[in-house]
Undergrad: 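Pasting a structure here, questions to come.
For reference, positions follow the sequence shown, starting with 1.
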Amino acid sequence: LLKDTLDAWKKEVEKKPPTMSIDDAYEVLNLPQGQGPHDESKIRKAYFRLAQKYHPDKNPEGRDMFEKVNKAYEFLCTKSAKIVDGPDPENIILILKTQSILFNRHKEDLQPYKYAGYPMLIRTITMETSDDLLFSKESPLLPAATELAFHTVNCSALNAEELRRENGIEVLQEAFSRCVAVLNRSSRPGDMSVQVCGHISKCYSVAAQFEECREKITEMPSVIKDLCRVLYFGKSIPRVAALGVECVSSFAVDFWLQTHLFQAGILWYLLGYLFNYDYTLEESGIQKNEDTNQQEVANNLAKLSVRALSRLGGYLSEEQATPENPTIRKSLAGMLTPYVARKLAVVSATEILKMLNSNTESPYLMWNNSTRAELLEFLESQQESMIKKGDCDKTYGSEFVYSDHAKELIVGEIFVRVYNEVPTFQLEVPKEFAASLLDYIGSQAQYLHTFMAITHAAKVESEQHGDRLPRVEMALEALRNVIKHNPGSESECIGHFKLIFSLLRVHGAGQVQQLALEVVNIVTSNQDCVNNIAESVVLSNLLALLHSLPSSRQLVLETLYALTSSTKIIKEAMAKGALIYLLDMFCNSTHPQVRAQTAELFAKMTADKLIGPKVRITLTKFLPSVFMDAMRDNPEAAVHIFEGTHENPELIWNDSSRDKVSTTVREMMLEHFKNQQDNPDVNWKLPEDFAVVYGEAEGELAVGGVFLRIFIAQPAWVLRKPREFLIALLEKLTELLEKNSPHGETLETLTTAAVCLFNAQPQLADHVPPLGQLPRIIQAMNHRNSAIPKSAIRVIHALSENELCVRAMASSETIGPLMNGMKKRADTVGLACEAINRMFQREQSELVAQALKADLVPYLLKLLEGIGLENLDSPAATKAQIVKALKAMARSLQYGEQVNEILSRSSVWSAFKDQKHDLFISESQTAGYLTGPGVAGYLTAGTSSSVISNLPPPVDHEAGDLGYQT
């Protein structure tokens, strides 16, 4: 059928055209025109009449006219016989439409064949285009011809190439330009020019799929200019405009075509179509038909425009992918906002159109009737300018700014004010937003410091300055929110801490300081951030806030607590005066929670393995060490202790001492704060010999943090660190015992304190042997200064209750020095004898050996005779102790015989050996014994008991002890 149709077309066009028209013939024959065809009889009569008139035989000058009359008569006779002598337009239209139907219905069958009719088709289009009467013909061929051109290239790639080779692209463009030129606001879809524009647009859409065709189109800028003109009149002819938009989408596969379209102002038209969309029609669910529903046509045009914009900018991927065009993207971001422009790549056209045609206020988009009207007004002005003047906005909308948006702070494409109102909003890329905020804050930081310096000095204020400060505050608030609600984004602050901490110094802008502090507080949960803060050396700015920004003290302390997990930061804090600021908080703050937080922070700092001891030493120059321990155990308790009045073995504290330390700390803090204001890098250091001296504690003998005078008065006091006290006490005591002339009162106090300690906490004696002081105490009993052996005997007497100590004594030379001490200080014989009794009750053979070697048995027998007991208040009790000791020695498996041998030789022993002294000691001698000196701890558990009590001694026993010591 196609072949026969082409043959018919060939024959039709080869018909010779007539030399004249019917009207011409009527005119020659003098017949009236415009009244329809005349009867043959009338024509014949008219012919005969004129033939006679002009026949050459009758009228020699009428030959030419006679020939014209003959031709007219012949023409009219043949016409009336229905014989046509030229191509019939109606037939050609039928032939063209037949081919279009064939290519449309049987595309797959005809695809392998190259179309052979292009020469005739192109000639037809050319002739029609150049015809001056193109738009007034009864049967114009151009619509059918251009439609056939579309169907042929749409059928086969071979045809597209053939069309290009036959200069079909250029011929179509001439027809396109001719028809576009007559388009206007009153054009209708049925107009011939409108139909031709639609067909050629479709033809170009298909041709653009082929590279060589695209190159040809690129060389013809008028194609794009005409295409834009079609879109300009799109409201009148929306269906043809839709075909034009599809053509734009097809052209977008080539970067240079994209650029030409862009420069021709294609965006002005495509963007305008977006706002004719009605999403309620889409969501209504009713059946829609483009033939009857104009809104559906507008909706479809809007969707096609979205697709065209996506392809022009290169937003799509996979099958729809086109070259990325940064210039177009920049313009779309300017007019549609960056957020909507990005959405061209990821969401459907309906979503984008609904977004643009409804009102929205989110961190990414502020869109309402005002912004829509503003954009449409701009687009329409650009369209008019482009069509009428050929020029438009030089930036092509990339620098377009909505008046509503101009008032807003936009950072990283986000409306900061709106974001701060909904901080939990799910951001697409929170890290990028955080980075953009930091860049913005960095750009404003120098201004802030300069401005604050000026306003501080001269109170300068202006509208511009007033606007910039709130914007920085908004940015800081947004930074705080994004870090708080998007874990992981705080890592963006790394490298920016010098900037953030510098904002803590913007005095006079309290809100800026507060927000910067909150940012720092939140990032401390990230160890990498803490490490970076440590490397930045910026802590002094934070510390100064403790004084300069009272409302934020708790937050500063919380932040410091988190930061002090880094040893490096504790070291910096020490250098920058953290302790003096914190001491001021602890001593002078009126807020209990602040003081408790400070105490907690001190505890954490002192717990650091590397810097902690140095922190503690510094603090003890201001406060008694008991405070450090209380801070560690219970921060609130430390505050209560500070506020209370105390006099106990570990603390002497009252209003006077509290006022003194508080005043000293405040003065030092204020001085350091002033220095730090002038120079943020200044360090704080205490003089080596500095210490706050409390008058109440002055003159008190203190060892290991314990006031000995009060401890002796309250030996049952539960010490915080009894072992440390024991070590310090023994060290000090042995040091004095080894001196030739120790201070008598000091020696007496130390000795009494040691005795009280062992009596109150007998288990502590277990620690004495490993400490190594016991041999030194034993040797002190040999000292020439008579005061020293007495002290040593008192200590040995207290330790003789402890089995471990007795074993240690057995392994040292103990009995000899003890005897020497007894001889030097006769008043200690009672105590010494009791100690000897306790030792031998432990059945230590080595001690018995020492006793035999030192001739202790004869010495004790001599004492039994009463020689040497003259100065004792209770010699009978002492004798009882001696008897028990001798009996214990006699029971020794190893040396008992030797002891018994010596005893048997004694006349005194026989008088005592059978006596029972238990009742005598515990009953009848108790009253007299307790009044005697130096036996306070004796009888605490009864002499017959082998169990050592762990309970502290009763008060009256302590009194007895004290009575002896004095």
Undergrad: Under the salt bridge (charged side-chain N to carboxylate O under 4.0 Å, His left out) rule, collect the residues that match up with Arg307, sequence neighbours excluded.
TA: none
Undergrad: So, taking the atom named OG1 in Thr322 and the one named OH in Tyr315, what distance separates them when rounded to the nearest 0.5 Å?
TA: 10.5 Å
Undergrad: Enumerate the salt bridge (Lys or Arg N to Asp or Glu O under 4.0 Å) contacts for residues 213-226, please, sequence neighbours excluded, ordered by first and then second residue.
TA: Glu170-Lys216
Undergrad: Looking at Met366, is its backbone amide N or carbonyl O close enough to the side chain of His405 to form a donor-acceptor pair, meaning the two atoms are under 3.5 Å apart?
TA: yes
Undergrad: With side chains defined as the heavy atoms from C-beta onward, is the minimum distance between Asp393 and Phe400 less than 4.5 Å?
TA: no
Undergrad: Counting N and O atoms only, with roles assigned by atom type, does the side chain of Gln258 sit under 3.5 Å from a partner on the main chain of Pro323, one being a donor and the other an acceptor?
TA: yes
Undergrad: Of all heavy-atom pairs between Thr98 and Leu94, which one has the smallest distance, and what is that distance?
TA: OG1-O, 2.6 Å
Undergrad: Would you be so kind as to tabulate the donor-acceptor pairs closer than 3.5 Å made by side chains of residues 100-110, with sequence neighbours excluded?
TA:
| unit_1 | atom_1 | unit_2 | atom_2 | d |
| --- | --- | --- | --- | --- |
| Ser100 | OG | Leu96 | O | 3.3 |
| Lys107 | NZ | Asn154 | O | 3.1 |

Undergrad: Is the side chain of Arg372 donor-acceptor paired with the backbone N or O of Leu356 at a distance under 3.5 Å, no angle test?
TA: yes
Undergrad: Do Glu67 and Tyr54 have side chains that get closer than 4.5 Å, going by heavy atoms?
TA: no
Undergrad: Measure the shortest side-chain to side-chain distance between Ile387 and Arg229 over non-hydrogen atoms and say whether it is less than 4.5 angstrom.
TA: yes
Undergrad: Without swapping roles, check the side chain of Ser385 against the backbone of Ser381 for a donor-acceptor pair under 3.5 Å.
TA: no
Undergrad: Return all side-chain donor-acceptor pairs below 3.5 angstrom for residues 264-274, not counting sequence neighbours, or 'none' if the list is empty.
TA:
| unit_1 | atom_1 | unit_2 | atom_2 | d |
| --- | --- | --- | --- | --- |
| Tyr273 | OH | Leu231 | O | 2.4 |

Undergrad: Would you compute the distance between atom CG of Asp254 and atom OG1 of Thr218 and round it to the nearest 0.5 angstrom?
TA: 5.0 Å
Undergrad: Assess the residue pair Gln99 and Trp9 against the criterion (side-chain contact (heavy atoms from CB on, under 4.5 Å)); give the C-alpha distance rounded to whole Å, side-chain angles, the decisive distance to 0.1 Å, and a yes or no.
TA: CA-CA 10 Å; Gln99 293 178 79; Trp9 190 9; 3.4 Å; yes
Undergrad: With salt bridge (Lys or Arg N to Asp or Glu O under 4.0 Å) as the rule and sequence neighbours excluded, what pairs involving residues 175-187 come up?
TA: Arg185-Glu384
Undergrad: Testing the basics here: between Pro238 and Val297, what is the closest heavy-atom pair and its distance to 0.1 Å?
TA: CB-CG1, 3.6 Å
Undergrad: So, taking the atom named CD1 in Ile93 and the one named CG in Leu142, what distance separates them when rounded to the nearest 0.5 Å?
TA: 10.5 Å
Undergrad: Taking only residues at least two apart or on different chains, which pairs with a member in residues 342-365 satisfy ring-ring contact (aromatic ring centres under 6.0 Å, His included)?
TA: Tyr339-Tyr364, Tyr364-Phe425
Undergrad: Can you name the side-chain contact (heavy atoms from CB on, under 4.5 Å) partners of Lys330, sequence neighbours left out?
TA: Ser398
Undergrad: Considering all heavy atoms of both residues, which atom of Leu1 and which atom of Thr5 are nearest to each other, and what is their separation?
TA: O-OG1, 2.5 Å
Undergrad: Looking only at side chains, do Gln295 and Asp278 share a donor and an acceptor under 3.5 Å apart?
TA: no
Undergrad: Can you name the nearest heavy-atom pair linking Cys247 to Leu227, along with the distance?
TA: SG-CD2, 3.9 Å
Undergrad: Can you tell if the side chain of Cys203 reaches within under 4.5 Å of the side chain of Val153, non-hydrogen atoms only?
TA: yes
Undergrad: Tell me every residue that passes side-chain contact (heavy atoms from CB on, under 4.5 Å) with Asp132, counting only those two or more places apart in sequence or in another chain.
TA: none
Undergrad: Quick check: does any side chain N or O of Thr371 sit under 3.5 Å from a backbone N or O of Trp367, one acting as donor and the other as acceptor?
TA: no
Undergrad: With a 6.0 Å cut-off (strictly less than), is the heavy-atom count around CD of Gln320, excluding the residue itself, greater than 12?
TA: yes
Undergrad: Assess the residue pair Leu332 and Leu344 against the criterion (side-chain contact (heavy atoms from CB on, under 4.5 Å)); give the C-alpha distance rounded to whole Å, side-chain angles, the decisive distance to 0.1 Å, and a yes or no.
TA: CA-CA 10 Å; Leu332 288 174; Leu344 289 169; 4.0 Å; yes
Undergrad: Pairing donors with acceptors under 3.5 angstrom, does anything connect the side chains of Thr327 and Tyr396?
TA: no
Undergrad: Any side-chain to backbone donor/acceptor pair from Ser156 onto Thr152? Under 3.5 Å, distance only.
TA: no
Undergrad: Where the side chain of Ser177 meets the backbone of Glu174, is there a donor-acceptor pair that is under 3.5 Å apart?
TA: no
Undergrad: Calculate, to the nearest 0.5 Å, the distance between atoms CG and CH2 belonging to Asn325 and Trp256 respectively.
TA: 9.5 Å
Undergrad: Do Asn30 and Leu50 touch side chain to side chain, with heavy atoms closer than 4.5 Å?
TA: yes
Undergrad: Quick one: side chain to side chain donor-acceptor pair (under 3.5 Å) pairs with a partner in residues 192-210, sequence neighbours left out?
TA: Gln173-Tyr204
Undergrad: Considering only heavy atoms from C-beta outward, does the side chain of Met192 approach that of Leu134 to under 4.5 Å?
TA: yes
Undergrad: Would Lys343 and Glu413 satisfy salt bridge (Lys or Arg N to Asp or Glu O under 4.0 Å), going step by step from the backbone distance to the final call?
TA: CA-CA 13 Å; Lys343 290 294 179 187; Glu413 301 178 1; over 6 Å; no
Undergrad: Looking at every non-hydrogen atom in both residues, tell me the closest pair between Ile125 and Thr129 and how far apart they are.
TA: O-OG1, 2.6 Å
Undergrad: Once side-chain contact (heavy atoms from CB on, under 4.5 Å) is applied, do any residues pair with Val401, and if so which ones, sequence neighbours excluded?
TA: Ala406
Undergrad: Please, which pairs that meet salt bridge (Lys or Arg N to Asp or Glu O under 4.0 Å) have at least one residue in residues 154-169, sequence neighbours excluded?
TA: Lys114-Glu162, Glu161-Arg164, Glu162-Arg165, Arg164-Glu212
Undergrad: Measure from the side-chain N and O atoms of Glu12 to the backbone N and O of Ile92, and report whether any donor-acceptor pair falls under 3.5 Å.
TA: no
Undergrad: For Asn167 and Ile122, what are the C-alpha separation, side-chain angles and deciding distance, and is it a side-chain contact (heavy atoms from CB on, under 4.5 Å)?
TA: CA-CA 8 Å; Asn167 291 328; Ile122 290 169; 6.0 Å; no
Undergrad: Could you tell me if Tyr47 and Asn70 have a donor-acceptor pair between their side chains, going purely by distance under 3.5 Å?
TA: yes
Undergrad: First locate atom OG of Ser331, then atom CD of Glu399, and finally report the distance between them rounded to the nearest 0.5 Å.
TA: 9.5 Å
Undergrad: Is any side-chain heavy atom of Val240 less than 4.5 Å from a side-chain heavy atom of Leu183?
TA: no
Undergrad: Kindly compute the distance separating CD (Gln382) from CD (Glu377), expressed to the nearest 0.5 Å.
TA: 11.0 Å
Undergrad: Taking all heavy atoms of Ala72 and all of Leu29, pick out the closest pair and write down the distance.
TA: CB-CG, 4.1 Å
Undergrad: Between the side chains of Asn300 and Glu296, is a donor N or O closer than 3.5 angstrom to an acceptor N or O?
TA: no
Undergrad: Could you work out, with side-chain contact (heavy atoms from CB on, under 4.5 Å) as the rule, every residue matching Tyr113, not counting sequence neighbours?
TA: none
Undergrad: So do the side chains of Tyr277 and Thr350 get within less than 4.5 Å of each other, counting heavy atoms only?
TA: yes
